[in-house]
Amino acid sequence: MKRKSKEIVAEQLDLLMKQNPHLGTQMKLANKTGIGQTTIGRIRRGEVNATAENLRAIADAFDVPVGFLYGEESVHGVRLDMDSPSPSSVPATAGLKPGYVGPPPDKVGMLPLISWVRAGNWSETIDNFAPGDAEEWIPCPFKHSKNAFILRVVGKSMYNPGGERSYNDGDYIAVDPCREARNGSMVVVRLDDDHTATFKQLLIEPNGERMLMALNPSWPTRIMHVSTNATICGVVIGKWTAEDL
C-alpha cells in the first residue's frame, strides 16, 4: 500500500531530529522555526499534513531541500522524483547530468512562478527556460515532475465558495504537465487561436466530447465546448491561498 505524504514527512522529520541533536527536541525546533511545539509533534507523528510554510521552515532549519521531507531528494540537491526510474539513475552529488531539465541545484524542490502567456507555450519553451526567467521560485509540498510550474490565479471564473473545490483570484496553483488529464481534472489549457492559457475543469462525455467548465456558478459563459483546438498544458495538483493579514 502506498504510504501517505504525511507519513513520509513524519519519518523524514524524525530522522533529521535524531541526526541533529541541536534540533532534536520539539522545543529546540520550535525555537528555530517559529512553529508551535504541538504542531511539530503532530507532524512528527504523521497526524497532520504540514503546510507549505511549515515545510519550508523545517527544511531551512535543517538545511535540506523541501523535497527531502517527502523522500524525493537527496541532501546534495538532486530530486529523486516520479520521473526518475530509480535512485541509481540520479547523481548523488550537486553536479547534474548533461541534458538535465529542471531547477538549478540551489532551487531543487522549488517551482518557477510563470506568466499565463508562458504557460500556454510551456512545452515548447521549457528546454530553453533559464532560472532567471521565473518571476519567483516557490517551494512546492506536492509530489511533482521536474517540468511542473506555478501560476497565480487571475479572475473569479474558478471561484465557487459553496463548492468542494474553489480557486480565488490571487491563489497560487501548482501545475504538472506530466499528469494525465482525466474527466473532472482541473486543467490549464491553451486554445490554438490564443497564446494565453486558461484555467478550467475538464469534462469528458462518454462519446469523447470535451468541455471546459468554470466552477463559478454565476459565470456568464460557464461551459465551453472544445474540439482538437485545445492543448492541455498541465493538470493542477494543488493550491495555496494567501491569508488576509
Side-chain angles (χ1 to χ4, degrees), residues 1-88 90 92 94 102-103 105-111 137-146 148 150 161 163-168 171-176 178-179 185-186 235-245:
M1 182 181 295
K2 185 177 180 180
R3 290 189 301 166
K4 297 179 179 179
S5 295
K6 62 183 180 181
E7 295 173 345
I8 299 174
V9 170
E11 182 179 294
Q12 295 295 87
L13 176 57
D14 184 66
L15 175 65
L16 287 170
M17 292 179 71
K18 289 178 178 177
Q19 291 181 342
N20 296 270
H22 66 291
L23 295 174
T25 67
Q26 292 175 197
M27 179 181 295
K28 291 178 179 178
L29 188 55
N31 291 336
K32 178 71 173 181
T33 61
I35 304 171
Q37 292 187 51
T38 300
T39 299
I40 291 174
R42 297 189 70 192
I43 294 173
R44 190 178 188 181
R45 293 190 296 272
E47 296 175 356
V48 297
N49 288 309
T51 65
E53 292 79 10
N54 286 349
L55 285 170
R56 168 50 56 191
I58 292 171
D60 287 347
F62 289 103
D63 194 25
V64 298
V66 172
F68 180 83
L69 294 171
Y70 282 98
E72 298 170 0
E73 298 177 39
S74 75
V75 295
H76 299 291
V78 178
R79 182 170 68 246
L80 308 180
D81 61 22
M82 64 176 69
D83 290 337
S84 300
S86 67
S88 61
V90 181
D106 65 331
K107 290 182 170 58
V108 172
M110 306 177 77
L111 296 182
W137 287 86
I138 299 175
C140 178
F142 313 113
K143 187 174 179 64
H144 59 272
S145 76
K146 60 180 178 291
I150 292 174
E164 181 179 347
R165 288 185 284 184
S166 178
Y167 306 82
N168 202 359
D171 284 352
Y172 292 87
I173 54 175
V175 184
D176 197 332
C178 295
R179 291 291 180 91
S185 294
M186 302 300 169
V235 175
V236 175
I237 57 174
K239 76 166 186 175
W240 297 264
T241 300
E243 297 287 348
D244 294 326
L245 301 177

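No hydrogens, no waters, no symmetry mates; every other heavy atom, side chains included, goes into these values.
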remark   = Between A57 and T33, the two heavy atoms sitting closest are O-CG2, 3.6 Å
message = Does any part of the side chain of I58, heavy atoms only, come nearer than 4.5 Å to the side chain of V9, both counted from C-beta?
response = no
task = If the plane angle is over 60° it's perpendicular, under 30° parallel, otherwise tilted; pick one for Y172 and W240.
result = perpendicular
Point-to-point distance, once rounded to the nearest 0.5 Å, from CD of E7 to CG of N49 = 10.0 Å
request  = Please report the shortest heavy-atom distance between H22 and K28, naming the atom on each side.
outcome  = O-CD, 3.3 Å
query = CG of N168 to NZ of K239: how many Å apart, nearest 0.5 Å?
reply = 8.0 Å
note = Taken to the nearest 0.5 Å, the spacing of L15 CG from R44 CZ works out to 10.0 Å
query = Distance-only, no hydrogens or angles: does the D14 side chain make a donor-acceptor pair with backbone N or O of A10 under 3.5 Å?
reply = no
Note, L16 side chain near L69 side chain (heavy atom, < 4.5 Å) = yes
request  = Might you point out which heavy atoms bring P139 and R56 nearest each other, and give the distance in Å?
outcome  = CB-NH2, 3.4 Å
ask   = What distance do T25 atom OG1 and Q37 atom CD have between them, rounded to the nearest 0.5 Å?
value = 7.5 Å
message = Rounded to the nearest 0.5 Å, what separates atom CD1 in I35 from atom CD in Q26?
response = 11.5 Å
message = If you define the side chain from C-beta out and look only at heavy atoms, does anything of F142 sit under 4.5 Å from D176?
response = no
remark   = Scanning both residues in full, the closest heavy-atom pair of L13 with I40 reads CD2-O, 4.3 Å
task = Would you give the length of the straight line joining atom NZ of K146 to atom SG of C178, rounded to the nearest 0.5 angstrom?
result = 6.5 Å
ask   = Are side-chain heavy atoms of R179 and K143 found at a separation under 4.5 Å?
value = yes
remark   = For A61 and K32 the tightest heavy-atom approach is CB-CG, 3.7 Å
task = Work out which heavy atom in S166 is nearest to a heavy atom in D171; give both atom names and the distance.
result = O-OD2, 4.4 Å
